[in-house]
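What follows is a set of notes on a single structure, which appears directly below.
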Amino acid sequence: METIKVMVNGAPGNVARTVIRRIIQDPRFALVPYSLTGPEINEKICNVDDVAVQLFLPEARSQALAAVRAAGPEVICIDFTHPAAVNENAEFYCEGGLPFVMGTTGGDRERLMARVAASNISAVIAPNMAKQIVGFQAMMAYAAETFPGLFAGYSLDIRESHQQGKADTSGTAKAMVGYFNRLGCTFTEADIVKERDPQRQKTVWGIPEAHLAGHAWHTYTLVSDDETVKFSFTHNVNGREVYVKGTLDAVVYLHCRMRDGIRGRVFSMIDVLKGD
Ligand SMILES: NC(=O)C1=CN([C@@H]2O[C@H](COP(=O)(O)OP(=O)(O)OC[C@H]3O[C@@H](n4cnc5c(N)ncnc54)[C@H](OP(=O)(O)O)[C@@H]3O)[C@@H](O)[C@H]2O)C=CC1
Ligand SMILES: O=C(O)C1=N[C@H](C(=O)O)C[C@H](O)C1
């Protein structure tokens, strides 16, 4: 069986390390043991189980590219880094001819899409790789397309809680705003209520102490104008494992699309889930 070569960027960050650990164990993949890292990182190596991953600071991207090229052709990159790195990293992938799965949220998303469209590679870009949440997004997309204005007149409340270090508002919640708008709700991304205080997360939200450092809780609540009807949708994730399977599915999907000769295309996780 042919293995897919994969570079994971964002080590020693939480999601990157979790993804690396699974890739090492999965015979479908061969880890390219290099990782773009953040400006605050002093270590040169990130050890994951018995594999040493060499870290490259943002200013050492050209050395990283040379190392990746030496690993052979057709390397796919996975990006779980930082919102501030999204566009620069996308530039690195597009210039380097490296198809990529972008799990990192934030950055200038329009510029990100346009850069891929103008490039010689394709990418999977999605704010959430958890397949069951992607399925929920697909349901929302169907409802928005099929029943526009269904919830006109309803008030909407969106609340999300993540670990204290999360730099941006939930990308998943932002994506949901678009569906709710098409369903008739007046709401902007700025209206999303975000929680980053561990004390409140524990006492008000009931988030288990063990997961204060890594969780993603979201609730969307709709109430009719006369307050006689209420809908509530919740997805609460503890830990990081749920994102890994979807991410690896995305790598396989992207590998196949590149083999099909498709270039300059941005795929979503809904595309990956459908497997079209
Ligand atoms: N799509 C999805 O399903 C999911 C997406 N995410 C997203 O993934 C991203 C990472 O999340 P998480 O692992 O929890 O975050 P962490 O903060 O744990 O890890 C991010 C890592 O990226 C590093 N980094 C910062 N700048 C750069 C850069 N220029 N190039 C490479 N690496 C850099 C950070 O280093 P430093 O300490 O120096 O900043 C840190 O080590 C976030 O945007 C998050 O929202 C998370 C979970 C699921
Ligand atoms: O930072 C996180 O943890 C997560 N980020 C993504 C987002 O911003 O939506 C996905 C999930 O919520 C976890």
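Counting convention: from 1, in listed order, for ligands and their atoms alike.
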Heavy atom to [atom], shortest distance: which of [options] holds it?
{"atom": "atom 32 (N) of ligand 1", "options": "Thr37, Val19, Val101", "result": "Thr37"}
{"atom": "atom 29 (N) of ligand 1", "options": "Ala85, Gly107, Gly106, Gly171", "result": "Ala85"}
{"atom": "atom 3 (O) of ligand 1", "options": "Arg240, Met129, Lys166, Glu40", "result": "Met129"}
{"atom": "atom 35 (O) of ligand 1", "options": "Ala130, Pro12, Cys46, Gly38", "result": "Gly38"}
{"atom": "atom 10 (C) of ligand 1", "options": "Thr18, Thr81, Thr104, Val134", "result": "Thr81"}

task = Would you please classify the geometry between the Phe231 ring and the Phe233 ring as parallel, tilted or perpendicular, with 30° and 60° separating the classes?
result =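 Parallel: the ring planes of Phe233 and Phe231 meet at under 30°.
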query = Parallel under 30°, tilted from 30 to 60°, perpendicular over 60°: which one fits the rings of His218 and Tyr220?
reply =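 Ring orientation of His218 relative to Tyr220: parallel.
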Would you mind checking which non-hydrogen protein atom is closest to [atom], with the distance to 0.1 Å?
{"atom": "atom 5 (N) of ligand 2", "result": "Lys166 NZ, 3.5 Å"}
{"atom": "atom 12 (O) of ligand 2", "result": "His162 NE2, 2.7 Å"}
{"atom": "atom 9 (O) of ligand 2", "result": "Thr172 OG1, 2.5 Å"}
{"atom": "atom 10 (C) of ligand 2", "result": "Pro127 O, 3.2 Å"}
{"atom": "atom 6 (N) of ligand 1", "result": "Gly103 O, 3.8 Å"}
{"atom": "atom 4 (C) of ligand 1", "result": "Phe80 CE2, 3.6 Å"}
{"atom": "atom 7 (C) of ligand 2", "result": "Gly171 N, 3.3 Å"}
{"atom": "atom 11 (C) of ligand 2", "result": "Tyr243 OH, 3.5 Å"}

message = Return the CZ to CD1 distance between Arg200 and Ile207, rounded to the nearest 0.5 Å.
response =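 Going from CZ on Arg200 over to CD1 on Ile207, the span is 10.5 Å.
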ask   = Between Asp79 and Thr104, do the side chains contain an N or O donor and an N or O acceptor separated by less than 3.5 Å?
value =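 Yes, side-chain donor-acceptor contact under 3.5 Å.
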message = side-chain contact (heavy atoms from CB on, under 4.5 Å), that's the test. Do Arg265 and Arg257 meet it? Break it down for me.
response = CA-CA 9 Å; Arg265 279 276 295 280; Arg257 298 294 78 78; over 6 Å; no
query = Is His218 in contact with ligand 2, taking contact as a heavy-atom separation below 4.0 Å?
reply =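 Contact present.
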inquiry  = Using heavy atoms and a 4.0 Å limit, tell me yes or no: is Gln163 in contact with ligand 2?
reply    =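 It does; at least one heavy atom falls under 4.0 Å.
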Applying a heavy-atom cut-off of 4.0 Å, say which part of [X] lies close to ligand 1: side chain, backbone, both or neither.
{"X": "Ala167", "result": "neither"}
{"X": "Pro39", "result": "both"}
{"X": "Asn89", "result": "side chain"}

Where ligand 1 meets [X] - atom numbers and elements under 4.0 angstrom, heavy-atom basis:
{"X": "Ala126", "result": "1 (N)"}
{"X": "Pro127", "result": "1 (N), 2 (C), 3 (O), 4 (C)"}
{"X": "His82", "result": "25 (C), 26 (N)"}

Verdict with supporting geometry, Asn236 and His215, side-chain contact (heavy atoms from CB on, under 4.5 Å) = CA-CA 8 Å; Asn236 291 346; His215 67 273; over 6 Å; no
inquiry  = Can you tell whether the side chains of Glu2 and Arg259 come within less than 4.0 Å, N to carboxylate O?
reply    =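 Arg259 and Glu2: salt-bridged.
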request  = State whether Glu74 and Lys5 are salt-bridged, where the test is any N-O pair (Lys NZ or Arg NE/NH1/NH2 against Asp/Glu carboxylate O) under 4.0 Å.
outcome  =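 Not counted as a salt bridge, because no side-chain N and carboxylate O are separated by less than 4.0 Å.
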message = If we ignore hydrogens and angles and just use 3.5 Å, is the side chain of Ser161 paired with the main-chain N or O of Gln201 as donor and acceptor?
response =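 Absent.
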query = Considering distance alone, does some N or O of Pro58 sit under 3.5 Å from an N or O of ligand 1?
reply =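 The answer is no, given that Pro58 and ligand 1 share no N or O pair closer than 3.5 Å.
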ask   = Do any heavy atoms of Gly165 fall under 4.0 Å from ligand 1?
value =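 The answer is no, since Gly165 has no heavy atom less than 4.0 Å from ligand 1.
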